[in-house]
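Since the model is a prediction, treat every value here as computed from it, not as a measurement. Just so it is clear: chains get the letters A, B, ... in the order the sequence lines come, proteins before strands, and each one is counted from 1.
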2 protein chains.
Amino acid sequence: MKGVEQIKAWMESVPFLTKEDLDLFEPFLSVTTFAEKQLLLSEGEICREICFVTSGLFRIYYLSDGKEINTGFFFENEFVVDYESFINQKPSRFYIEALEDSVVIPLPHDLLMHAYNTSKNRERFGRMKAEEVARMTAERVESFLFMDGKARSLWLVKERPNIFERVSLYHIASCLGMERESLSRIRKAIVTRKGR
Amino acid sequence: MKGVEQIKAWMESVPFLTKEDLDLFEPFLSVTTFAEKQLLLSEGEICREICFVTSGLFRIYYLSDGKEINTGFFFENEFVVDYESFINQKPSRFYIEALEDSVVIPLPHDLLMHAYNTSKNRERFGRMKAEEVARMTAERVESFLFMDGKARSLWLVKERPNIFERVSLYHIASCLGMERESLSRIRKAIVTRKGR
DNA sequence: AGAGGAATGTGACATATGTCAATGGTTTCG
DNA sequence: CGAAACCATTGACATATGTCACATTCCTCT
């Protein structure tokens with residue numbers, strides 16, 4: 001199955017994981033599909049799986065005073081998850097929604113815990129992934145500290161080259177901490193006087 | 001020595017670490033002091049140690065166009081470190097400065113790696129710490145997404161109850177992503193019309 | 001006590017962004 | 001095809017924050 005091959009290739013690219021480290025997962029790899037607008041997680045649910053995205057795209061958001069606040073996106077070859085809910089297996093504050101028809105490979109929490117428990121290599125993999133997440137999130141904090149709206153938009157384009165082609169301005173703006181109208185104006189300013 | 005007892009007490013409070021897991025560190029625990037304004041790390045240096053703060057307080061900042069951007073603070077019973085530089089043992093973009101006379105207990109990178117290599121429990125501890133850092137940093141991103149300046153200030157007071165008594169407005173404002181004058185006005189607005 | 005410096009407060013104004021309303025384009029679907 | 005829904009753009013105006021200048025307070029040192 002194509003999706004399964006994709007996650008196996010991805011896992012094999014992790015340098016220090018051995019074939020034995022990976023074999024544990026083999027029997028449990030299967031694909032699940034989500035239609036556009038379908039929810040992978042709702043507020044109050046426990047996020048029981050971390051899902052490898054083989055195709056498509058998700059957003060994670062929560063409601064504040066009835067308003068949707070997007071906190072991030074998950075693209076192909078990334079793991080979609082509410083990290084906080086998944087780690088502690090407690091109810092989520094978030095919704096996760098497919099923005100396109102999508103295919104994922106879910107890894108259940110207990111499988112992952114078992115994987116960690118039975119191999120120091122896999123435990124280490126978990127540590128390094130968490131460290132990577134922490135580092136990327138810290139960079140995002142930095143972007144709020146010293147960039148204005150325009151700079152953050154350009155930064156996002158660099159991080160996610162094709163995001164403007166796949167995601168509506170509304171969602172992108174929310175994720176940048178601004179309103180849709182502001183992003184529209186910023187984008188216009190960037191396009192019309194490119195050089196300066 | 002008082003500082004050493006403090007980190008041992010802290011380590012013993014981690015539920016799943018055994019006495020053997022901790023004994024490895026015992027011979028290497030010693031205190032280092034920093035005077036106010038002294039640098040623990042400079043840009044370009046590799047952050048070779050993660051330091052447990054037994055007393056005092058540090059800030060981490062970098063220079064952008066000659067301007068200091070504070071990205072965080074480290075208080076007592078926290079680990080002061082440039083996580084990115086420490087993890088990958090590569091040159092730092094940051095400065096770390098003592099804001100008060102401070103005492104720390106440094107844990108060298110190779111000691112920590114050795115600790116991870118020789119115990120799955122310790123490796124797990126590293127994973128869980130990284131996950132905690134990721135979670136807290138994500139919360140900080142959220143604070144930029146849906147809060148205005150006033151709300152972020154109140155949020156910080158809740159996170160760090162006595163920070164306004166120990167850190168200058170200039171540094172706090174930088175860490176909140178605003179100017180000193182704005183924070184001064186926001187604080188005034190909060191104090192004068194408390195109830196609303 | 002007095003001088004000097006650092007931190008903070010405040011006023012005036014510029015700029016960026018939020019908010020609301022209206023418009024026009026595009027997609028979707030019966 | 002045509003209607004409805006969605007999305008982006010734009011204008012007008014309100015508000016928040018940045019910027020600069022200067023006043024004031026607080027602290028430290030002699």
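Rounded to 10 degrees, the angle separating the terminal helix axes of the helix from dA1(C)-dT30(D) to dG30(C)-dC1(D), each built from five base pairs, is 40°.
Screening residues 112-140 of chain B for ring pair (Phe, Tyr, Trp, His ring centres under 6.0 Å) gives no qualifying pairs among residues at least two apart or on separate chains.
Side-chain atoms of S64(A) never come within 3.5 Å of backbone atoms of K67(A) as a donor-acceptor pair (strictly under, hydrogens ignored). A donor-acceptor pair is defined here as one N or O able to donate and one able to accept, closer than 3.5 Å; such a pair exists between the side chain of S174(A) and the backbone of N70(A). D101(A) places no side-chain N or O within donor-acceptor distance of the main-chain N or O of A35(A), the cut-off being under 3.5 Å. Side-chain N or O atoms of R152(B) include none that pairs as donor or acceptor with a backbone N or O of F144(B) at under 3.5 Å.
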Its contact letters, B for base, S for sugar-phosphate only and - for none at protein heavy atoms under 4.0 Å, make nucleotides 24-30 of chain D read -------

Please table the atom pairs, donor to acceptor, closer than 3.5 Å between any side-chain atom in residues 39-55 of chain B and protein atoms at least two apart or in another chain.
from	atom 1	to	atom 2	distance (Å)
E43(B)	OE1	Y95(B)	OH	3.3
E45(B)	OE1	S42(B)	N	3.4
T54(B)	OG1	V103(B)	O	3.1

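Phosphate proximity of dT9(D) to K188(A): absent, as no side-chain N or O sits under 4.0 Å from OP1 or OP2.
At a threshold of 4.5 Å between side-chain heavy atoms, the hydrophobic network of Ile, Leu, Val, Met, Phe, Trp and Tyr places M113(A) and F79(A) in one connected group. Tracing side-chain contacts under 4.5 Å through hydrophobic residues (I, L, V, M, F, W, Y), one reaches V141(B) starting from M147(B); they form part of the same cluster. Both M128(A) and Y83(A) sit in one connected hydrophobic cluster of ILVMFWY residues. Membership requires side-chain heavy atoms under 4.5 Å apart, directly or through other members.
A salt bridge between E84(A) and R135(B) is absent, with no side-chain N of the basic residue lying under 4.0 Å from a carboxylate O of the acidic one. The pair R127(B)-E131(B) meets the salt-bridge criterion, with a side-chain N (NZ, NE, NH1 or NH2) lying under 4.0 Å from an Asp/Glu carboxylate O.
Taking CD1 from I60(B) and SG from C175(B), the interatomic distance works out to 10.5 Å, rounded to the nearest 0.5 Å.
Bracketed by its first and final contacts, the part of DNA chain C lying under 4.0 Å from non-hydrogen atoms of chain B reaches from dT8(C) to dA12(C) in 5' to 3' order.
Across residues 164-185 of chain B, G177(B), M178(B), E179(B), E181(B), S182(B), R185(B) each have a non-hydrogen atom less than 4.0 Å from an atom of DNA chain D (numbered order).
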